[in-house]
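First the structure, in the form of structure tokens, and then the observations on it.
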Amino acid sequence: VTLVSSPESSVRQAACYSIGMMALHGGPAYAHYLHQAAPALVAVANAPDANVPSNVHATDNAVSAFVKIFRCPHGGITEEVGLPLLARWLPMRADRIEAQYVYTYLCDLIDRS
């Protein structure tokens, strides 16, 4: 979780990706770590330089990991908190795989409405 805040963009990207995988596959045993990671992911996505070319892959992975935490039942992020943040971070800019996950989630939300 601490590496999400690394000064190295490639390390941040890998850490954010790992948090996302933990949210998808870790189960309730990892809820504590997901709760710790969420504020760090928000910080990455909200950083003033989040969308400069050297950081966009880390930012996209942070946004996607946040959505993965948001979607899992033990993630602890409510729609009231998660949706406004997600809206502020769009569009995804660089990572097509992570973008596909995020946009699929948004389509699922629209279908539910």
Side-chain angles (χ1 to χ4, degrees):
V1 173
T2 58
L3 292 177
V4 170
S5 302
S6 171
E8 291 294 323
S9 179
S10 60
V11 173
R12 278 195 316 278
Q13 179 183 357
C16 292
Y17 176 83
S18 297
I19 298 296
M21 291 299 100
M22 190 184 333
L24 283 178
H25 305 292
Y30 290 89
H32 173 74
Y33 300 106
L34 299 177
H35 295 177
Q36 283 184 333
L41 296 169
V42 170
V44 170
N46 283 339
D49 62 348
N51 294 314
V52 299
S54 60
N55 290 332
V56 292
H57 287 282
T59 301
D60 282 0
N61 274 267
V63 171
S64 181
F66 181 86
V67 170
K68 290 169 185 167
I69 293 172
F70 181 39
R71 289 188 81 174
C72 74
H74 50 275
I77 301 171
T78 65
E79 285 188 354
E80 293 78 19
V81 171
L83 289 177
L85 288 171
L86 179 57
R88 199 173 345 155
W89 297 329
L90 296 177
M92 302 287 282
R93 289 172 172 79
D95 193 314
R96 290 184 177 168
I97 293 170
E98 299 305 332
Q100 182 179 6
Y101 185 87
V102 170
Y103 291 131
T104 298
Y105 167 68
L106 290 172
C107 289
D108 291 346
L109 274 179
I110 292 167
D111 282 347
R112 280 191 324 184
S113 300

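All heavy atoms count here, side chains included; hydrogens, waters and symmetry mates do not. This structure is a prediction, so every number in the text was calculated from the model and none was measured.
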Rounded to the nearest 0.5 Å, what separation is found between the [atom1] atom of [X] and the [atom2] atom of [Y]?
X      : Y      : atom1 : atom2 : result
Ile19  : Met21  : CD1   : CE    : 11.0 Å
Ile77  : Arg71  : CD1   : CZ    : 13.0 Å
Asp111 : Leu106 : CG    : CG    : 11.0 Å
Tyr103 : Leu109 : OH    : CG    : 14.0 Å

For this session: With side chain to side chain contact (heavy atoms under 4.5 Å, CB included) as the test, would you mind laying out the steps for Ser64 and Lys68 before giving the verdict?
Result: CA-CA 6 Å; Ser64 181; Lys68 290 169 185 167; 3.4 Å; yes
With a 3.5 Å distance limit and no angle check, can you tell me whether [X] reaches the backbone of [Y] through a side-chain donor-acceptor pair?
X     : Y     : result
Asn61 : Cys16 : no
His74 : Tyr30 : no
Arg12 : Leu3  : no

For this session: Walk me through it: do Val102 and Leu90 pass the test side chain to side chain contact (heavy atoms under 4.5 Å, CB included)?
Result: CA-CA 9 Å; Val102 170; Leu90 296 177; 4.1 Å; yes
Where is the tightest heavy-atom contact between [X] and [Y], given as atom of each residue plus distance?
X     : Y     : result
Leu41 : Ala65 : CD1-CB, 3.8 Å
Ala15 : Val4  : CB-N, 3.6 Å
Thr59 : Ala45 : CG2-CA, 4.2 Å
Ala99 : Met92 : CB-CB, 3.6 Å
Leu86 : Val67 : CD1-CG2, 3.8 Å
Ser9  : Ser54 : OG-O, 2.7 Å

Problem set entry | Heavy atoms from other residues, nucleotides or ligands near CD of Gln100 exceed 12 (cutoff 6.0 Å) |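 Counting other residues, nucleotides and ligands, CD of Gln100 stays at 12 neighbours or fewer.
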Exercise. Considering residues, nucleotides and ligands other than Tyr101, do more than 12 of their heavy atoms fall under 6.0 Å from its OH?
Worked result: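 For Tyr101, atom OH is crowded (more than 12 foreign heavy atoms under 6.0 Å).
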Quick one: do [X] and [Y] end up in the same hydrophobic cluster if we chain Ile, Leu, Val, Met, Phe, Trp and Tyr together by side-chain heavy atoms under 4.5 Å apart?
X     : Y     : value
Val63 : Val52 : no
Tyr17 : Val11 : no
Val56 : Val42 : no

Problem set entry | Residue pair Leu83, Phe70: steps toward the side chain to side chain contact (heavy atoms under 4.5 Å, CB included) verdict | CA-CA 9 Å; Leu83 289 177; Phe70 181 39; 3.9 Å; yes
For this session: Check whether any side-chain heavy atom of Phe66 sits under 4.5 Å from a side-chain heavy atom of Val44, and report yes or no.
Result: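 In short, these two side chains do not touch, never coming nearer than 4.5 Å.
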Problem set entry | Verdict with supporting geometry, Asp60 and His57, side chain to side chain contact (heavy atoms under 4.5 Å, CB included) | CA-CA 5 Å; Asp60 282 0; His57 287 282; 5.7 Å; no
